[in-house]
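Here's the structure, in structure tokens; my notes come after.
Please read all numbers here as calculations on a predicted model, not as lab measurements.
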Amino acid sequence: MNRRPTLLAALTLTAAAALTLSACGSDDSSKGKDNDKIAGADTGDKASPSPSPSASAAGGRPEIRLPSDVTYEFEWTKTGDAQKDAALNDAEQRIRAVDMAIAKQDPLDKAYRFYSEGTAAAESQKYIQEFVDHDARTTGLTRYYNESLTIKEDGTAALVYCEDQSKAFNKFLKTGKTDVTPVTKDSYVVYAGTLRKNDNGVWVTERLISQRGSAKCQP
């Protein structure tokens, strides 16, 4: 069982493809992600998340509520450019919304679909369904960093960023157990996505590819 958007990307791999619950550094296909920091994993309730500090209801945006043991460090820098900062904010909310859908065990949750369309939405649905099939969710701390955002002439945005999964894991809901696996180079993932501003003023992610073990993201 894989962890996190494991887009083991062919160049044309889109959205969250290969979003498999994957074990970085484990040969057991039923295992999840990497190393420490999960003190006191609770008994994973499927649908009783506590409020996330990034709840975002402004402008009709869905409120994002996550279990208290699902945390993030977004090291994305404010650019001072209104368009770019809005795109980065909506990309962040999409990430949180996917984890919320996993916590709720709902592959059709409205929040992540608010922030994604096309292949990104379709592949995220498959990714969430894998957690549902394994009766699992995410837990721990995930860090996002080394972002680069460009607004293109056609109005779309190209976003590249790194994800550090070394302190994020799979948690199995029936047992309440967290699978803690070793940190390897594959704990660090690079993503490249395409976003478009829709008619509601939301920067939706349309396509997303990723690669584990990228030199760009290594500590």
Side-chain angles (χ1 to χ4, degrees), residues 1-26 29 31-35 70 72-76 87-102 107 112-113 115-131 134 136-150 152 156-170 179 181-196 203-219:
M1 190 168 92
N2 259 19
R3 161 81 185 105
R4 286 287 181 203
T6 314
L7 297 186
L8 301 174
L11 291 179
T12 57
L13 200 59
T14 54
L19 282 174
T20 41
L21 293 169
S22 106
C24 304
S26 171
S29 63
K31 301 272 186 176
K33 257 225 31 94
D34 313 5
N35 190 38
V70 178
Y72 308 88
E73 286 182 1
F74 281 92
E75 297 177 1
W76 295 353
L88 285 170
N89 179 73
D90 287 347
E92 175 181 336
Q93 295 306 314
R94 182 197 62 79
I95 290 168
R96 295 177 184 270
V98 169
D99 278 342
M100 182 174 74
I102 292 169
Y112 83 84
R113 292 187 291 156
Y115 290 108
S116 58
E117 295 179 359
T119 53
E123 295 298 336
S124 291
Q125 180 180 339
K126 293 178 185 177
Y127 173 52
I128 296 161
Q129 184 64 55
E130 287 198 58
F131 279 93
H134 289 87
R137 68 167 174 85
T138 60
T139 188
L141 171 68
T142 310
R143 183 170 67 99
Y144 296 91
Y145 56 104
N146 283 3
E147 82 288 353
S148 174
L149 179 71
T150 303
K152 298 182 179 181
T156 62
L159 174 62
V160 177
Y161 61 92
C162 292
E163 181 187 47
D164 173 1
Q165 301 179 357
S166 64
K167 296 180 180 179
F169 314 96
N170 289 328
D179 187 43
T181 55
V183 177
T184 72
K185 69 176 184 179
D186 287 340
S187 303
Y188 304 93
V189 188
V190 65
Y191 292 86
T194 300
L195 293 82
R196 177 184 57 81
W203 285 92
V204 294
T205 299
E206 295 185 310
R207 293 183 295 277
L208 187 68
I209 64 173
S210 77
Q211 184 178 26
R212 286 189 176 277
S214 169
K216 172 183 173 64
C217 299
Q218 298 300 312

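Separating the CD atom in Q218 from the OH atom in Y188 is a distance of 7.0 Å, to the nearest 0.5 Å. In this structure, CG in L88 is found 10.0 Å from CZ in F74, a value given to the nearest 0.5 Å. We find the CZ-NZ distance between R196 and K152 to be 14.0 Å, quoted to the nearest 0.5 Å. Taking CD from Q129 and NE2 from H134, the interatomic distance works out to 11.0 Å, rounded to the nearest 0.5 Å. Atom OG in S124 sits 5.5 Å away from atom CZ in R94 (nearest 0.5 Å). Rounded to the nearest 0.5 angstrom, L195 CG and E117 CD are separated by 10.5 Å.
Not one N or O on the side chain of E147 forms a donor-acceptor pair closer than 3.5 Å with the backbone of L159. Using modelled atom types, no side-chain atom of Y115 and backbone atom of E92 make a donor-acceptor pair closer than 3.5 Å. With hydrogens and angles disregarded, a donor-acceptor distance shorter than 3.5 Å links the side chain of Y145 to the backbone of C217. Side-chain atoms of T119 come within 3.5 Å of backbone N or O of E206 as a donor-acceptor pair.
Taking each heavy atom of V190 and V160 in turn, the nearest pair found is CG2-CG1, 4.0 Å. The minimum heavy-atom distance linking Y112 with A121 is given by the pair CE1-O, 3.8 Å. Contact record, C162 with N146: SG-CB, 3.8 Å, taken as the closest heavy-atom pair. The minimum heavy-atom distance between L149 and A87, with the atom names listed, is CD2-CB, 3.9 Å. The shortest heavy-atom contact between G193 and L208 is CA-CD1, 3.8 Å. Closest of all the heavy-atom pairs between P107 and Q125 is O-CG, 3.4 Å.
Between Y144 and W76, the two ring planes are perpendicular [angle over 60°; tilted spans 30° to 60°].
The neighbour count for K216 NZ, taken as heavy atoms of other residues, nucleotides or ligands under 6.0 Å away, is above 12.
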**Message:** Checking Y191 against I95 for the side-chain contact (heavy atoms from CB on, under 4.5 Å) test, could you report, in this order, the C-alpha distance in whole Å, the side-chain angles of both residues, the deciding distance, and whether it holds?
**Reply:** CA-CA 12 Å; Y191 292 86; I95 290 168; over 6 Å; no

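By the 4.5 Å heavy-atom criterion applied to side chains, R212 and Q165 are counted as neighbours.
A donor-acceptor pair shorter than 3.5 Å can be found between the side chains of D164 and S166.
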